[in-house]
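Within every chain, numbering begins at 1; the chains are lettered A, B, ... in the order of the sequence lines, protein sequences first and strands thereafter. Owing to the predicted nature of the structure, the values given are computational and were not obtained by experimental measurement.
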Amino acid sequence: MAEVNLLAESVKFMLLGMGVVYLFLYIVILAVKLQAYLINKYFPETTPASTAKKPAPSRTDEDEKARIAAIVAAVNEFCKNKS
Amino acid sequence: MAEVNLLAESVKFMLLGMGVVYLFLYIVILAVKLQAYLINKYFPETTPASTAKKPAPSRTDEDEKARIAAIVAAVNEFCKNKS
Amino acid sequence: MAEVNLLAESVKFMLLGMGVVYLFLYIVILAVKLQAYLINKYFPETTPASTAKKPAPSRTDEDEKARIAAIVAAVNEFCKNKS
Amino acid sequence: MRIKQLLISLFFALFALTTMVQASGNPAPSGEATEQSSEEHVYKSKSMAELANSFWKTTGINAILDTKDGEMTSEPAGHDAERPMTAFESSLGRIIMILIVFLLFYLAIAKGFEPLLLLPIAFGGLLANIPLAHMAGEHGMLGIIYNMGIANEFFPLLIFMGVGAMTDFGPLLANPKTALLGGAAQFGIFGSLVGAVLIGFDLQQASAISIIGGADGPTSIFIANRLAPDMLGAIAVAAYSYMALVPVIQPPIMKALTTKEERQIKMGVQRKVHRLEKLVFPIVVLVFSILILPESTPLIGAFALGNFFKESGVVDRLSDTMQNALINIVTIFLGLGVGSKLAADKFLVLETMGIMVIGLLAFSAGTAAGVIMAKIMNKFSKEPINPLIGAAGVSAVPMAARVVNKVGMDAKPGNILLMHAMGPNVAGVIGSAVAAGVLLSIFK
Amino acid sequence: MRIKQLLISLFFALFALTTMVQASGNPAPSGEATEQSSEEHVYKSKSMAELANSFWKTTGINAILDTKDGEMTSEPAGHDAERPMTAFESSLGRIIMILIVFLLFYLAIAKGFEPLLLLPIAFGGLLANIPLAHMAGEHGMLGIIYNMGIANEFFPLLIFMGVGAMTDFGPLLANPKTALLGGAAQFGIFGSLVGAVLIGFDLQQASAISIIGGADGPTSIFIANRLAPDMLGAIAVAAYSYMALVPVIQPPIMKALTTKEERQIKMGVQRKVHRLEKLVFPIVVLVFSILILPESTPLIGAFALGNFFKESGVVDRLSDTMQNALINIVTIFLGLGVGSKLAADKFLVLETMGIMVIGLLAFSAGTAAGVIMAKIMNKFSKEPINPLIGAAGVSAVPMAARVVNKVGMDAKPGNILLMHAMGPNVAGVIGSAVAAGVLLSIFK
Amino acid sequence: MRIKQLLISLFFALFALTTMVQASGNPAPSGEATEQSSEEHVYKSKSMAELANSFWKTTGINAILDTKDGEMTSEPAGHDAERPMTAFESSLGRIIMILIVFLLFYLAIAKGFEPLLLLPIAFGGLLANIPLAHMAGEHGMLGIIYNMGIANEFFPLLIFMGVGAMTDFGPLLANPKTALLGGAAQFGIFGSLVGAVLIGFDLQQASAISIIGGADGPTSIFIANRLAPDMLGAIAVAAYSYMALVPVIQPPIMKALTTKEERQIKMGVQRKVHRLEKLVFPIVVLVFSILILPESTPLIGAFALGNFFKESGVVDRLSDTMQNALINIVTIFLGLGVGSKLAADKFLVLETMGIMVIGLLAFSAGTAAGVIMAKIMNKFSKEPINPLIGAAGVSAVPMAARVVNKVGMDAKPGNILLMHAMGPNVAGVIGSAVAAGVLLSIFK
Ligand code: NA
Ligand code: NA
Ligand code: NA
């Protein structure tokens, strides 16, 4: 009888375990998609921001605000449309 | 007197030690000769069995039995003739 | 009041510390000058003694004594003239 | 030459001086020291025959033949943990273990089965079964190594760091949904947990054994050490053996669960992944594991560390060292330390048979679950997914991905699945670490 | 293939045999073992909801949100040293620290600020702030590393050994009086000591903090660990951060204290230094430090060891290993170990602000003192001395020397000061070690 | 740039926040901490003169001049093992030891005498004789190293592992009977054991000293550490010094015991050795040492491990690491750790003179016994054996074999004996390990 009990417990472990694994990976997938979207939009490979030695000279405060607004809009859009 | 005693002991150590060293190396020599004999007979360098990718196609169960018999005979012969 | 005390202590530490640092480095400077003088005089780069495979054949005991006398004289002179 | 003579004269002059000073100035301490030494080293005179006899008692032959000599087991935890060996353990058991070690040597060298770890483990096993030498004991070489990095789980983490520095997450980032395949394959862990309970292990032991299904050496060692340290040797040997046997175990299962048409599915070219994506990814994974499952952070943290250092591109010295000198040194030590658990008194127990059976079950179940999940995803996905790549979800990096590629090529020449299989493959490593974290959190 | 089959049959035959022997011969111990295991592993049945709930309790989200969970701090010294975390430390504090860590990542990777040490330190800080995992505790990865080589000051000495093996004293030997510039720059240490006392630190703490002015990582860690181990994290982070910021901090000070004419001074070609001079030099320095300041000999001894091995030319194997595999491994460990002190409960204290301020002061004071000393020496010297090279006396090898070179080139193209600045630069290392020895001797 | 500014603002904002939270939320612990610190760090005000005076007390000059300062010896085993130094040990003794260290430097660098070990040992000796620094004590750098790998005999085994991975047993396998020459040379051990007893050492000490005759560094250190740890420094220095002096010690003995005709004997070309023979050999040797002499298995096991890994050909990563990064790191540490026993209070005792004398005797006796044995074998052998190769049986790999080759070439140009001498040379390593096992088994 103790054994039957253990079996039930182990099945519960399986449910919890597989659930957490899937949950975790699913969240990671979403995050990866989001980061890919953002990075490729705002740091296109041709001029990767983090290694850029010369930031584009035309960028002004106005540009910057527009850019931030665009990012916020993009994230919203992405969250709605994520497949 | 204690010193004389120690000297006798140390000579005994010498006898035991040199005896064991020679015994050990003599056994190793025999083993090395045996392994050289066996390895070169059954795994000749041209087709080393342990690295052979394609075992000879003609080898059958009959062959195998003959081979084992040959090994046994060879070991016996070797043990008799070892110099 | 305790704080004033600490401040005085810390100034003393500063005096001691800077003093020892300067003393140490000054002695090292003297030693470095002395070693440069001696090494370049007695082991000129063309035949560095420590790596010489063939010591000059003409060197005799007489030479050696003269050499040691010269070293002693040089050290004395150096100590007097050190700038 | 003269200088040398001078120096040597000086040397001897100094010695003579020393001797005199000592002889005159402070005879007491010197005499005392000698006295102490002679006190310590009492030696009873023995006849030559007695000497030979007492030597015989220290031979390995005598130790193996005389099963009633009361030899103790070797325990890295020290003398208190020791117990007298049984007659079987001190004689036949040792011989069996040494033969098993030779079998592992054969598999590692002639068959190329994961030699980098099987060889050190097997050699550790050989040393651990030497009578009287107590090499696996607290003061023996293996025991020192065990206490240095296995008892405290340090070495598996260092290995994971190096593995992280060698891993390229590009294929996973290019096609992130394949991570789900690395999740499905964790059924190898949890399914075999149920199996292990069924054949009589308790829950904690069953959990330790089931981690073999993670197909990941350091994770297995880390968990086994926490949940069932007595079974460490068997679990590690099973994990590495079955990882080595992946090319034998997986293909029949993969073929049984897929049709020829499915195996022939070609997958498109992967998109190029941005350098920043690779850089940010290990941190993203680590942050989620911090939020959801802190118990998994030693493993995922070490892995992310190695990967982050590599992708940063600014510490190549350190990343190279992690991938070479450090991981090699630790691999030698890890193998030897794990091998110390192949002592007959620890390995030749009934549980080992069960562990071997469950381990095989775990690999099979993981493979099957991965393939089935891939079939399901293929049904619902816009782009075609070859179900074979699900098999790579068990990890066993990079062996499983190569097997997938080979089976794909067999079904249709030119059907190169390698990069597509690498995604589930590395996701399987993360998945196993998460699964490990769940098990640890349950038994905390 | 036949041999393999034979071996595998043998394997299974042995197993079967084992099983029988065990089953018949000694059932008692085996049974006992099983019993023991089941005794140990008591597990209370839980419903699925209970299980999920108890899992929730082990998540990081819950640990951060529930600030009253009584989580203890992680201390490498063991459980006795632990204390319950405050609500701030276990929630917002951790988040702040993780953001600071991300800032350090950014500075190390995107800005190239001393990545070899900032990156490991920052990653260690990230791991140290993970809730529940206790990675900085006695049994966690960081705690193991900390106890292995930081608590006993072993790692900083190994780093110093490697740095010694990478250092060329040629420029200093060619122009020995520039050593005085390396002495003047130690005013950065002793001046900031006074400053630290002024803002409220006690004398011992102030000494530990002021060593940041030595601009030398291993020396800072060595001293901080002796005099104020609680502040180790902040001191190390300050030292390495400001060393990374040398190209930002120094030039304005250098320009403010010199005229354009002074900066344009060209210095002559250095004399060739004899191989024997380089060989003898580390021994000379060590002998003087033995005579004058034995407290500094761990640092100077390790440094001299590395340099002597390199210059000897007969142990290139060892010297290469010191400069590569060994220093890289130790750098990883040192960084992680130091990073463990970036836990919120240790770093987010008021003292840290003070340390950051004093550290900046120390760098500035050292630079200024070096430049002023060089101006004085230029007045009294026959050969012209460019006052800029005094700034290199703070050490921060070789960054400070490069900054000197750049500022000199800016003042007059072609005015290459690099080798002339290397003299004060390496003298600064010795000077800091001497200053460290003085501080240690005071508090002995 | 904007992002950077943003991050820096964030950083400062966070700091400000932190400060406020701390100031308001939890003043108690913070205050307590400060209080504790000030409690600990009591500092009595001193006048400048007092400060200078107390500094003087911490100088090395004062420590050497003031022989009544009650300085304690440094012991890695901790404070209980310490004793006050004698006046001689703390003054003249130290100076003598430092001069001896300089002599060793000279021999290692200018004469090329085994620099890879003499240099680290000598530097360790220099550091160990520094007054007041206690570098060889429990918390000093040398003491940490000593406890890490010498007190537990771990480092010599790691060295042996690397040496095994560098050894080629081909020449021995080609002509196995030359192994007997490696046996005969062990008379150097057992003959000098008798000699050591004659001049007054007790049996255990005599055994520890006689192992110098094995001409094998790690074996000597391993045995010395077990049987007479107090003499470790002198034994190790003697072993390495005489190994370095092999080209000086051996040739006269070799020439005295052989005729010119014997030295001119040419030996045939060696047969080609099968890869499998080399692979199986280390295992064969290990198995016999398990059966006959388990006490020797730590040494032979480590050696066989390295050799087996190399010959397996499947773990080149690990084998390369053993031969490079690992053995180099351990060599540095081993040398420094052994050097810590060159402290005046340990080295400058009467026993050291005896050890030096017995060590020379041991090398000479081993050489003579090897040559005589080779002469006997030459009489009874079908193929001619040049008696010179017997001298290589002392091991001192590969120096002794090179000396044999040179003496052979001197007798007859073109008489290349190198490969023939390598057989006895490596057999001597095994022979010494066996002899070491016998000595250990006696004193067990
Ligand atoms: Na996995
Ligand atoms: Na400095
Ligand atoms: Na030998």
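A heavy-atom distance below 4.5 Å is found between the side chains of F24(B) and I430(F). You'll find the side chain of F190(F) stays beyond 4.5 Å of the side chain of L16(B), heavy atoms only. Side-chain contact between F13(B) and V438(F) is absent, with no heavy atoms from C-beta onward closer than 4.5 Å. You'll find the side chain of M14(B) stays beyond 4.5 Å of the side chain of I189(F), heavy atoms only. I39(B) places none of its side-chain heavy atoms less than 4.5 Å from the side chain of R275(F). Contact check for Y22(B) versus M373(F): side-chain heavy atoms found under the 4.5 Å cut-off.
In this structure, the portion of I292(F) lying under 4.5 Å from any heavy atom of chain B is its side chain and not its backbone. Of the atoms belonging to V284(F), it is side-chain heavy atoms, and not backbone ones, that fall under 4.5 Å from chain B. For A206(F), no part lies under 4.5 angstrom from a heavy atom of chain B. Neither the backbone nor the side chain of S432(F) comes within contact range of chain B; no heavy atom of the residue lies under 4.5 Å from a heavy atom of that chain. When heavy atoms are compared at a cutoff of 4.5 Å, V273(F) approaches chain B solely by way of its backbone atoms N, CA, C and O.
The two atoms that bring A36(B) and R271(F) nearest to each other are CB-NH2, 3.5 Å, heavy atoms only. Between G431(F) and V21(B) the shortest heavy-atom distance is O-CG2, 4.0 Å.
Summarising the geometry, atom CD belonging to Q35(B) is positioned 12.0 Å from atom NZ belonging to K278(F); distances are rounded to the nearest 0.5 Å. Here the CD-CG distance, from Q186(F) to L25(B), works out to 8.0 Å after rounding to the nearest 0.5 Å. Separation of atoms CD1 (I29(B)) and CG (L173(F)) is listed at 11.5 Å; rounding is to 0.5 Å. The distance from atom CD of E9(B) to atom CD1 of I442(F), rounded to the nearest 0.5 Å, is 9.5 Å. How far OH of Y37(B) is from CD of E277(F): 13.5 Å, rounded to the nearest 0.5 Å.
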| query | Under the side chain to side chain contact (heavy atoms under 4.5 Å, CB included) criterion, do V32(B) and K177(F) qualify, and how do the steps go? | reply | CA-CA 10 Å; V32(B) 164; K177(F) 70 181 170 227; over 6 Å; no
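The greatest number of non-hydrogen atom pairs below 4.5 Å with chain B, out of A184(F), A427(F), S441(F), is found for A184(F).
Among L198(F), L203(F), V194(F), the single residue meeting the side chain to side chain contact (heavy atoms under 4.5 Å, CB included) criterion with L6(B) is L203(F).
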